[in-house]
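We name chains A, B, ... by the order of the sequence lines, and we start the count at 1 in each one.
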Amino acid sequence: MAYWLFKSEPNKWSWDQQVARGEAGEQWDGVRNYLARNNMRAMKIGDRGFFYHSNIGKEIVGVVEVCAESHPDSTTDDPRWDCVDIKAVKPLVRPVTLAEVKADSRLDKMALVTSMRLSVQPVTDEEWKIICALGGIDP
DNA sequence: GCCAACGTTGGC
DNA sequence: GCCAACGTTGGC
């Protein structure tokens with residue numbers, strides 16, 4: 001199983017909205033970046049990801065699970081863009097802020113720090129464990 | 001609201 | 001196929 005990180009501006013699509021979708025999940029559409037798309041194409045059902053609020057909050061707030069593998073993005077006719085569906089699993093007991101991630105030397109290789117603008121990022125097993133621990137949840 | 005970083009587009 | 005222009009993202 002692989003781990004990922006999904007970025008969203010909470011005034012466009014927030015964690016609360018994701019939770020409200022329940023088991024049905026929601027397609028992670030609107031990604032127009034090849035690297036982010038390739039990451040989504042690599043995802044398998046059951047892969048887990050962090051849900052990150054950019055701009056407002058700048059913190060990791062929850063855990064999501066991939067519930068549909070890569071398929072065409074219904075918000076565009078352009079065949080280049082695919083997306084996956086994700087559903088909320090559980091919130092972090094304590095959100096982990098970008099400042100905390102940057103301050104932790106164990107996390108300075110994290111894509112969140114090194115590829116700041118990439119909206120769908122891979123997360124290593126090690127990073128996953130560290131952030132779960134910081135967030136007060138079981139990995 | 002500003003601005004730096006960076007990915008994409010399009011002319012040549 | 002290169003590279004300048006442009007648009008968008010996202011931290012501050």
Enquirer: If you walk 5' to 3' along DNA chain B, what is the first nucleotide with an atom under 4.0 Å of a heavy atom in chain A, and what is the last?
Expert: B:dA5 to B:dT9
Enquirer: Distance alone, cut at 3.5 Å: any donor-acceptor contact between the side chains of A:Ser14 and A:Asp16?
Expert: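 Side-chain D/A pair, A:Ser14 to A:Asp16: absent.
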Enquirer: Counting the atoms with a prime plus P, OP1 and OP2 as sugar-phosphate, which does A:Asn33 contact under 4.0 Å by heavy atoms, base, sugar-phosphate, or nothing?
Expert: sugar-phosphate
Enquirer: Of A:Arg41, A:Arg37, A:Arg32, which meets salt bridge (charged side-chain N to carboxylate O under 4.0 Å, His left out) against A:Asp73?
Expert: A:Arg32
Enquirer: With A:Phe6 as reference, evaluate A:Trp28, A:Trp15, A:Phe50 under the ring-ring contact (aromatic ring centres under 6.0 Å, His included) test and give the passing residue.
Expert: A:Trp28
Enquirer: Establish, from distance only, whether the side-chain atoms of A:Gln121 and A:Ser115 form a donor-acceptor pair under 3.5 Å.
Expert: no
Enquirer: At 4.0 Å (heavy atoms only), tell me whether A:Leu35 reaches a base, stays on the sugar-phosphate, or touches nothing.
Expert: nothing
Enquirer: Go through it in stages, so that I can follow the logic: the residues are A:Lys109 and A:Glu126, the test is salt bridge (Lys or Arg N to Asp or Glu O under 4.0 Å), and I'd like the CA-CA distance, side-chain angles, deciding distance and then a yes or no.
Expert: CA-CA 11 Å; A:Lys109 295 284 189 338; A:Glu126 198 58 33; over 6 Å; no
